[in-house]
Every structure is written in C-alpha cells, then in structure tokens.
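All of these numbers come straight from a predicted model, not from anything done at the bench. In each ligand, atom 1 is the first atom listed, and ligand 1 is the first ligand listed.
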Amino acid sequence: MSKIARRKFIQLSAVAAAGAFATTGREALAADMPQLSEDDPMAKAMKYTHDASSVDPASRNNPAAEQNCANCALIQGADGEAWRPCQIFPGKAVAAAGWCSVWAPKA
Ligand code: SF4
C-alpha cells in the first residue's frame with residue numbers, strides 16, 4: 001500500500017469509526033426519549049393514540065386493515081420495542097401499539 005493510499009485508508013477508517021459512534025449515541029438517546037403524550041397538541045392534531053385498537057377502522061383515510069405504529073413506514077428504532085422513535089414526532093417515543101392519522105404502509 002502506498003503512503004497516500006495508507007493515509008486515505010486511515011482517514012476513511014476514522015470517519016467510519018466516528019459514524020459508528022454517532023449512530024450508537026443516537027440509538028442510546030432514542031431509548032431515553034420521553035414518551036409522546038396523547039395530550040400533546042401535535043399528537044392531538046394527528047389523532048395519535050397509544051392504543052390502535054381503540055380507533056374505528058372506518059374513520060381511517062387508508063383502508064389497510066391492520067394499522068399500528070409497529071407496522072408504519074415512519075416508525076424508527078428496533079422491532080419488538082414497546083416505545084420507538086417516529087419521524088413525525090421528533091424527540092418523543094411513540095407506542096408500538098399506537099396509531100396516528102399519518103400512518104403509512106411499509107414498502
Ligand atoms: Fe405511529 Fe406512524 Fe403515526 Fe408515527 S406516523 S405515530 S409510527 S402511525
């Protein structure tokens with residue numbers, strides 16, 4: 001490996017290591033997020049609830065039968081977690097069993 005190639009490799013390794021650290025930091029932060037309250041004004045505007053089964057399917061815009069945060073395209077975090085980050089509510093965790101009117105099917 002030439003000196004220039006080695007230097008480039010070291011630089012890219014440092015960037016990759018920094019990225020891995022930043023990702024770990026974000027995930028740890030997500031686990032510590034406060035839970036979204038159903039009384040939050042934004043949550044109310046989006047008709048968010050912690051319990052998707054409490055929503056009348058006939059009231060939904062999207063006709064997909066089973067809708068909850070866990071099967072929404074906008075959910076983040078790891079499958080199986082009860083509370084997860086959502087792209088619609090930054091800085092708050094939503095219930096995996098929850099639902100809001102922005103629900104969209106995963107591709
Ligand atoms: Fe749940 Fe999806 Fe609404 Fe986020 S956008 S609260 S994941 S239904």
Side-chain angles (χ1 to χ4, degrees):
M1 187 182 288
S2 73
K3 256 186 169 176
I4 293 174
R6 184 177 309 145
R7 187 175 302 153
K8 192 72 180 169
F9 174 78
I10 291 169
Q11 286 173 345
L12 290 174
S13 298
V15 169
F21 179 76
T23 299
T24 302
R26 261 199 316 273
E27 287 168 358
L29 193 62
D32 295 335
M33 281 181 178
Q35 296 176 354
L36 177 66
S37 167
E38 292 175 332
D39 294 329
D40 180 290
M42 181 76 166
K44 282 188 168 184
M46 301 300 171
K47 301 179 182 173
Y48 171 80
T49 174
H50 296 321
D51 180 10
S53 69
S54 68
V55 179
D56 178 4
S59 70
R60 297 172 178 160
N61 293 332
N62 190 310
E66 188 173 331
Q67 298 182 13
N68 56 49
C69 293
N71 65 17
C72 175
L74 300 168
I75 196 77
Q76 299 177 313
D79 285 345
E81 292 182 351
W83 292 86
R84 297 170 60 181
C86 164
Q87 295 176 42
I88 299 298
F89 301 104
K92 302 277 175 69
V94 300
W99 179 89
C100 88
S101 60
V102 185
W103 184 91
K106 288 184 180 177

Atom 4 (Fe) of ligand 1 sits nearest the protein heavy atom C86 SG, 2.3 Å
Judged by modelled atom types alone, do Q67 and W99 share a side-chain donor-acceptor pair under 3.5 Å?
-> yes
Which residue and non-hydrogen atom of the protein lie closest to atom 8 (S) of ligand 1, and at what distance in Å?
-> C100 N, 3.4 Å
Counting distance only, does the side-chain N/O of S101 pair as donor-acceptor with the main-chain N or O of M46 below 3.5 Å?
-> yes
Do Y48 and K92 pass the side-chain contact (heavy atoms from CB on, under 4.5 Å) test, and can you show the C-alpha distance, the side-chain angles, and the key distance before you say yes or no?
-> CA-CA 13 Å; Y48 171 80; K92 302 277 175 69; over 6 Å; no
Can you tell me if an N/O/S atom from C72 lies under 2.8 Å from atom 2 (Fe) of ligand 1?
-> yes
Compute whether any side-chain donor of one residue and acceptor of the other, for W103 and N68, lie under 3.5 angstrom apart.
-> no
What atoms in ligand 1 come closer than 4.0 Å to a heavy atom of L74?
-> 5 (S)
Numbering the atoms of ligand 1 from 1, which are under 4.0 Å from a heavy atom of I88?
-> 5 (S)
Donor-acceptor pair, side chain of K106 and main chain of A70, under 3.5 angstrom | yes
Does C69 bring an N, O or S atom to under 2.8 Å of atom 1 (Fe) of ligand 1?
-> yes
